[in-house]
Chemist: 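Got a structure for you, written out below as structure tokens; questions coming shortly.
Every chain is numbered from 1 and lettered A, B, ... according to where its sequence line falls, protein lines coming before strand lines.
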Amino acid sequence: MNQVIKIENLTKKFNLREVFPGILGAAKGLFFAKQHEITVINQLSFDIRAGERVAFIGPNGAGKSTTIKMLTGILYPTSGAIKVLGLTPWTNRHILGYQIGTVFGQKTQLWYHLPPTDTFLLLSKIYELDFSIYSDRLRNLIDLFEISELLNKPVFQLSLGERMRCEIVASLLHNPKILFLDEPTIGLDINAKLMIRELLNRLSKDFGTTLFLTSHDTADIEQVCDRVIVLDKGSIIADHPLKELKKTYGNKKIITMATEIKSLTLNLPGTRVLETAPHYFRCEADLEITSINQIIQTTLQLTNLNDLTIEDLSMDAVIRLIYRKKSNA
Amino acid sequence: MRKTSKYLALFRMSAFRTLTNYKTLCGLSVFLITSLIIFSQLWKTIASKVEMVNFDPTQLFWYIALNEWVLVSIPSIQDEMEQDLRSGRLAYLLPRPVSYLGSVFAEAAGTLVVNFVVLGTVTCLFAGWQAGFLSISFKCGSLIILLGLMGGFLAILFQMLIGLSAFWLSEVTPFYWIWEKLLFMFGGLMLPLAVYPQWMQSIAHCTPFPAILGDRSFLIADCSDSHIFFLLASVLCWGFLSLVLLNFFYRKGLNILNIEGC
């Protein structure tokens with residue numbers, strides 16, 4: 001498959017202005033500017049092939065949004081190279097604009113006072129679409145995203161979930177090859193989140209659109225993406241296919257037990273207590289150090305069990321583990 | 001052709017929105033009529049005490065009306081730009097294949113044109129009722145309309161420059177106040193420029209303000225070819241300069257986003 005995004009040794013630095021505190025500080029600030037440089041992205045390199053669904057995750061301030069802004073040509077890097085669909089984004093921003101779509105969960109791209117149908121028509125002009133192509137495409141997207149009832153309501157009257165469906169339709173009208181989504185499910189209720197994830201999956205399947213998604217919700221990653229890039233302080237700390245990521249960290253299990261005795265204490269190497277309550281015990285077990293068999297046998301020597309559950313680590317826990325491993329290193 | 005059609009679509013959308021927002025248009029009309037009543041009374045008093053330019057009472061009322069007509073029609077585009085820049089929305093609009101400045105201008109022009117047509121009708125009816133209709137040639141009347149619109153477009157460009165100052169300033173309103181007061185003073189809104197001392201007239205003609213308001217309204221008294229030529233040249237030169245400045249400061253502003261983050 002073709003590479004649609006290629007990033008090599010990307011670095012982005014910002015100069016932050018410091019403000020002096022107090023009234024005197026404000027006066028001082030008129031004459032003396034204090035600035036310091038921060039590195040937001042540090043020597044980032046990766047590539048993405050056509051049709052991939054990539055989750056780009058990391059804690060706040062890791063550099064996710066800055067990377068998206070450089071990929072879409074909003075910002076240019078301090079050093080390094082980016083090619084998106086063979087183009088350098090910041091020098092070909094408008095040409096690239098015809099081939100990519102962007103959805104920013106925290107900012108609306110729709111005209112607030114217009115109903116979505118007018119916004120879509122306006123966008124068809126901005127993206128220079130033939131009316132017949134636009135009509136067909138819009139019809140398909142209306143069916144896919146089930147927004148026929150929302151078309152004539154002004155955007156400010158839509159709920160967040162409804163607005164987000166319209167935002168995604170707006171970003172897909174020109175049939176982009178890559179869709180950049182920056183926290184598309186932020187603030188949505190569980191039903192709306194599920195719907196957006198399902199729609200993104202169908203979009204990728206039906207149109208082969210490459211998805212590049214940032215999110216703090218690990219369910220977005222698990223349900224939509226097939227590859228995860230984890231960013232911390234501007235550098236990649238993990239880059240794996242989703243299945244491999246789970247396998248890599250799959251040697252850990254969560255064991256939950258309902259015990260006959262009121263309080264259970266388990267002092268086994270490789271186990272970490274997560275939660276205890278009367279007749280309840282929950283721990284994380286590292287199977288490289290202790291086997292499940294060993295844990296259960298040890299427990300049974302101490303108490304009878306009324307219930308037992310063994311689970312894989314949740315995606316949340318896997319991500320936490322990656323960060324913990326990085327900070328320990 | 002398609003490149004132009006996207007800006008035309010933005011223009012149409014904005015014009016249609018302004019037209020459907022008839023309550024705002026009614027409010028502007030009431031404001032315009034109130035201003036005309038106040039200014040005309042004020043000027044009548046002043047005119048009786050000082051020797052005004054060769055205006056008869058009808059011309060005097062129409063001069064004020066034509067100034068107010070353009071002034072009230074100009075949309076406050078700088079506030080929207082300030083919002084775009086301060087909220088960071090600008091960054092999210094950049095990936096679209098349309099110029100930000102072009103789209104802001106197209107939308108503002110749509111609002112201006114609708115305001116201009118509606119308020120022009122109100123102005124003509126009210127001024128005609130209050131002071132009688134002017135006897136001017138068709139050429140002069142057409143030029144008053146055309147140059148009024150051009151003056152409005154020029155004011156939008158300068159207000160966009162004020163909006164762009166949000167890249168550097170935390171608030172653009174004080175800048176706008178200064179602009180507005182200078183427009184009142186040097187635009188000939190408060191008094192016709194001919195009443196000013198010569199040195200003040202010279203200063204005023206080194207600014208774009210007379211081209212936006214007073215000089216164009218003065219066509220009712222002087223519709224000579226030399227005045228028309230001077231006015232047209234003035235609008236076009238200031239228009240060109242404002243475009244150069246807009247492009248320069250916009251690029252500088254985008255640089256700030258890249259250096260300080262957005």
Side-chain angles (χ1 to χ4, degrees), chain A residues 12-17 35 37-38 40 61 63 65-66 68-78 84 89-90 92-109 111-114 118-119 121-130 154 167 170-171 174 176 180 182, chain B residues 1-24 75 80 83-104 106-108 110-111 167-171 250-251 253-262:
Chain A
K12 180 70 189 172
K13 292 175 181 178
F14 288 133
N15 284 338
L16 291 190
R17 264 188 270 182
Q35 290 195 337
E37 193 178 71
I38 55 160
V40 184
S65 296
T66 304
I68 285 201
K69 282 174 185 162
M70 285 193 279
L71 287 169
T72 52
I74 297 170
L75 298 176
Y76 56 77
T78 308
V84 178
W90 61 96
N92 299 286
R93 192 173 60 227
H94 283 181
I95 301 171
L96 187 64
Y98 291 99
Q99 300 182 60
I100 60 168
T102 49
V103 177
F104 299 98
Q106 310 214 44
K107 293 270 186 284
T108 180
Q109 296 181 81
W111 277 264
Y112 212 59
H113 48 273
L114 293 182
D118 286 356
T119 293
L121 187 64
L122 203 53
L123 286 171
S124 78
K125 300 281 181 195
I126 287 174
Y127 285 96
E128 301 172 28
L129 302 176
D130 278 329
E167 294 269 358
S171 64
H174 56 293
F180 294 95
D182 194 1
Chain B
M1 189 61 197
R2 281 188 162 183
K3 295 258 181 270
T4 324
S5 77
K6 59 179 84 174
Y7 297 103
L8 275 176
L10 287 164
F11 173 89
R12 269 200 306 272
M13 176 274 290
S14 176
F16 183 70
R17 185 186 69 190
T18 310
L19 206 55
T20 48
N21 198 359
Y22 63 92
K23 286 177 188 166
T24 305
E80 283 172 42
Q83 273 299 105
D84 285 348
L85 268 58
R86 288 182 64 187
S87 67
R89 188 167 178 263
L90 168 70
Y92 298 97
L93 297 175
L94 289 177
R96 280 185 188 156
V98 64
S99 146
Y100 173 70
L101 292 181
S103 57
V104 168
E107 286 191 40
T111 304
F167 274 123
W168 295 270
L169 304 171
S170 51
E171 253 195 273
Y250 181 60
R251 280 168 199 277
L254 287 186
N255 236 8
I256 289 179
L257 289 189
N258 265 293
I259 293 167
E260 295 183 3
C262 55

Chemist: Enumerate the residue pairs fulfilling side-chain hydrogen bond (donor to acceptor under 3.5 Å, both in side chains) with a member in residues 9-18 of chain B, sequence neighbours excluded, ordered by first and then second residue.
Modeler: A/His113-B/Arg17, B/Ser14-B/Thr111, B/Thr18-B/Thr111

Chemist: Measure the spacing between OH of A/Tyr76 and CG of B/Leu257 and express it to the nearest 0.5 Å.
Modeler: 9.5 Å

Chemist: What part of A/Lys13 gets within 4.5 angstrom of chain B, counting heavy atoms only: side chain, backbone, both, or neither?
Modeler: backbone

Chemist: So what's closer than 4.5 Å to chain B heavy atoms on A/Ile38: side chain, backbone, both or neither?
Modeler: neither

Chemist: Look up atom NZ in A/Lys107 and atom CG in B/Leu90, then write down how far apart they are to the nearest 0.5 Å.
Modeler: 11.5 Å

Chemist: I'd like to check B/Arg96 versus A/Leu123 (side-chain heavy atoms, cut-off strictly below 4.5 Å). Are they in contact?
Modeler: yes

Chemist: Going through the checks in order, is the side chain to side chain contact (heavy atoms under 4.5 Å, CB included) test met by B/Tyr92 and A/Val103?
Modeler: CA-CA 9 Å; B/Tyr92 298 97; A/Val103 177; over 6 Å; no

Chemist: Taking only residues two or more places apart in sequence, or in another chain, which ones meet B/Glu107 in a side-chain hydrogen bond (donor to acceptor under 3.5 Å, both in side chains)?
Modeler: A/Trp111

Chemist: How many angstroms lie between CG in A/Asn15 and CD1 in B/Ile256, if you round to the nearest 0.5 Å?
Modeler: 11.5 Å

Chemist: Side chain to side chain contact (heavy atoms under 4.5 Å, CB included) between A/Asp118 and B/Met13: does it pass, once the steps are laid out?
Modeler: CA-CA 8 Å; A/Asp118 286 356; B/Met13 176 274 290; 6.0 Å; no

Chemist: Checking A/Ile126 against chain B: side chain, backbone, both or neither under 4.5 Å from a heavy atom?
Modeler: both

Chemist: Drop me the distance from B/Leu93's CG to A/Phe104's CZ, to the nearest 0.5 angstrom.
Modeler: 10.0 Å

Chemist: Of all heavy-atom pairs between A/Arg93 and B/Leu254, which one has the smallest distance, and what is that distance?
Modeler: NH2-CD1, 4.5 Å

Chemist: To check you understand the geometry: which heavy-atom pair defines the closest contact between A/Lys125 and B/Lys6, and what is its length?
Modeler: O-CB, 3.5 Å

